Amino acid sequence: MEDLNIVVRERLEKAAELERQDVALYPNGYEVADRIKYLLANSAAKKAEELEADQTAYTIAGRVLSVRSFGKSIFMHIVDSDAKIQIYVQKNLLGEPSYSLARRIDIGDIIRVGGSLFRTKTDELTLAVKDFVLLTKNLRPLPEKFHGLKDIELRYRQRYVDLMVNEQVRETFRKRARIISSIRGFFTERDFLEVETPMMHAIAGGAAAKPFKTHHNALDMDLYLRIAPELYLKRLLVGGFERVFEVNRNFRNEGVSTKHNPEFTMVEFYQAYATYRDLMGLTEELFAQLCREVNEGKTSLEYQGDVIDFCAPWARYTFLEALTTIGDVPQEAVESLEGAVHCARSLGIGIERFEGHGKLLTKIFDLVVEPRLVQPTFIYQYPLEVSPLSRKTQGAPEFVDRFELFIAGREMANAFSELNDPRDQRERFELQLAAFQAGDEEAHQMDDDYIRALEYGMPPAAGEGIGIDRLVMLFTDSPSIRDVILFPQMRPEKKGL
RNA sequence: GGGCCGUUAACUCAGGAGGUAGAGUAUCUGCCUUUUAAGCAGAGAGUCGCCGGUUCGAAUCCAGCACGGCCCA
C-alpha cells in the first residue's frame, strides 16, 4: 500500500470515511430505467419552455467524467454505454445528506441520478438531480480530461481506461460489432448455415502458417490451435450442408506487426455448386451491404489519406498480368525459374532451396504488386505450388482457380474453387510433404481423414476467407490492427501494479 | 532477427552546456447556485524504466537490459 500514489491513498481514506457515514460504496439492486442516448434523442428538439412544462422524471446511471463544483451547486458530465449528458446538482433541490455525498463524488465514480430535464443558459440539455446514489466508488484517477489517454502501451494494456475516456475508441468497437453482425446477416439471408468447428486441431491444416502447439493431458496428445477452419468446413460440404460459414478466431505463430496479431478473426464460407468467379460477385455484394449498413450508404471511404471506391465491378487481373503490368516484372521472370530467381535476387528477396517458380513469383508479387493495389482488386489464377487445396485451372495445370482480394495495399480475402478430386488432393499433400522435408516449415501436412472425406464425394464448391480485423481497420480508418482488437497481444508487464 | 525513436508526478508534456527536477490537468484546503479545458487563493505529490560505468557529483554522458512504437527482413 505504501507505494500507492497520493491520489489513491486519498481515495481510500475518503472511501473509508464514507463507509463510516453508512454510505455503501458498491451497492447493487438500484434499477436504472433510462439510457442517456434516448433522453438526448427524445428531447433534442424540445425547447426550454417545453421541458419546463414537462417535468417527466428520468433515472440514468453512468460514470462521472467531469465535475464543476460551486458552493451550493455542482455540474457534472456522466457517460453511459453510448452517450454522455450534463447533470446539475443543486443543494436546495436535492437536500441533505445527498448533497454532501454529491460534493464528495470523484471523477471516475459511477452514480445513479434521477430528475427532470431542463436547458441551461447555454442551451445544453441537462438533468436537474432530485435523487442521487453512489453505485461504484473509483479508487484510481482517470487520465487528464483534455488530452485523454495517449500512451499507446497503456491504451492496449489497460483498454478499460482507454474505452472509458476515448469515445472514438468505443465507436471503433461498436463499428466492429456492426460489421460482424452485418456479415452474419448477409450469409444467413442467403441460406448459409453458421457453424462452429474445432479450434484445437491434431493436424494444423487449411493454410500455410506456423501453429501454436498445446497438449491435452487426459488424452495425452499434442494439439495445435487452428490456423484455419477450412478442412472442417469442407467436411461439412461432404456431409451435405451445401452452404456454411464460420466467424471465428485463427491463430498463427508468427510475427506481430501493424497488420498481424497472433490471433485474428476470419469469416470463412463455402458454397456448393459455385465457382471462385461466383464468389467475386458475392464479395462485391457483401461490401455493398457493409457500405449501406456501416458506412452510411457511402460507396467510398478514406483510409489513411487514400480514397477507396467500392463501386462494382472491381478491377480483375490474372496473377501473371499483375506481375508484369502492375509490378513491372520482366517477362523472363514469369516465363522461367531462372528468370524469377534473377528477378528475386535483384529485389533483395531471400531464396530458400525448397522454393519453386510459383513460390518465388508470390514473394515478388508481395513486394512489388501488393502495395500498389489500393483500390479493390481481384487477382486470380495463382500458381499451383502455393495453392495445395485449390482446383486446377482447366487448360493451365500449373495454375489454380483462385483469387485474392486486395484493398489499400493489403490482402483482404482469399478464395478458390475447391479441389474435390481425392486423388489429386493426395498428390498435392505429397508435394507439400516433399516441401516440408526440404525445409519448408509452413508446408501443409498430410490429412488422411480429409482425403477419406473427399473419397465419399464433396460437391463442386467454392470457398473464401475474409480477414475481419483488416476489414474493420479499413472501415474505421485505423492504421494498426491493434486499434481494432480489444486486447491485443503484449508481453507481460514487469512492473508492479 | 536488424535499424531508428521513446520511457520524467496518476495523465499530457517541458527540461537535458553534468550541480538530486518544472508546467497544465488530476488530488487536498478555502471561497463561489447556470458551469462546461469553470474561476480565484493556497498546498501536497516524482528512487527522471532497470542495472552497471565515467565523474567530486548523472535524469542529463557511455554500455547493457526491459517494455513500447515505427521502419526493414
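Naming: A, B, ... by sequence-line order, numbering from 1 per chain. What you are looking at is a predicted structure, and each value in this text was computed from that prediction instead of being measured.
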Taking N or O atoms only and anything under 3.5 Å, show me the protein contacts with nucleotides 6-13 of chain B, one pair per line.
{"from": "A10(B)", "atom 1": "O4'", "to": "Asn5(A)", "atom 2": "ND2", "distance (Å)": "3.1"}
{"from": "C11(B)", "atom 1": "O2'", "to": "Glu144(A)", "atom 2": "N", "distance (Å)": "3.2"}
{"from": "C11(B)", "atom 1": "O2'", "to": "Gly148(A)", "atom 2": "O", "distance (Å)": "3.1"}
{"from": "U12(B)", "atom 1": "OP1", "to": "Lys150(A)", "atom 2": "N", "distance (Å)": "3.1"}
{"from": "U12(B)", "atom 1": "OP1", "to": "Asp151(A)", "atom 2": "N", "distance (Å)": "2.8"}

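Under the 6.0 Å cut-off for aromatic ring centres, Tyr88(A) and Phe70(A) do not qualify, their centroids lying 6.0 Å or more apart. Ring centers of Phe319(A) and Phe365(A): under 6.0 Å apart, within the cut-off.
One finds no side-chain N or O of Arg491(A) lying less than 4.0 angstrom from the OP1 or OP2 phosphate oxygen of A66(B). Remark: Arg103(A) is not in phosphate contact with C28(B), judged by side-chain N or O atoms under 4.0 Å from OP1 or OP2. At C28(B), one or more side-chain N or O atoms of Lys14(A) fall inside 4.0 Å of OP1 or OP2 (strictly under the cut-off). Distances shorter than 4.0 Å separate none of the side-chain N or O atoms of Arg9(A) from OP1 or OP2 on A45(B).
Listed nucleotides: A37(B), G68(B), U33(B). Nearest to the side chain of Met490(A): G68(B).
Where Tyr88(A) and Ile107(A) each meet RNA chain B at their nearest nucleotide, the meeting point lying more 5' is that of Ile107(A).
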Pairing string of RNA chain B (Watson-Crick or G-U wobble, both atom distances under 3.5 Å; | = paired to other strand) is (((((((..((((.....[..)))).(((((.......))))).....((.((..]....)).))))))))).
When you look at Arg174(A) and Glu167(A), which way does the salt bridge (Lys or Arg N to Asp or Glu O under 4.0 Å) test go after all the steps?
CA-CA 11 Å; Arg174(A) 281 189 210 111; Glu167(A) 161 56 26; 3.2 Å; yes
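Taking a centre distance below 5.5 Å and an interplanar angle below 30 degrees as the stacking criterion, Phe70(A) does not stack against the six-membered base ring of U33(B).
Looking at residues two or more places apart in sequence or on another chain, you find no ring-ring contact (aromatic ring centres under 6.0 Å, His included) involving Tyr276(A).
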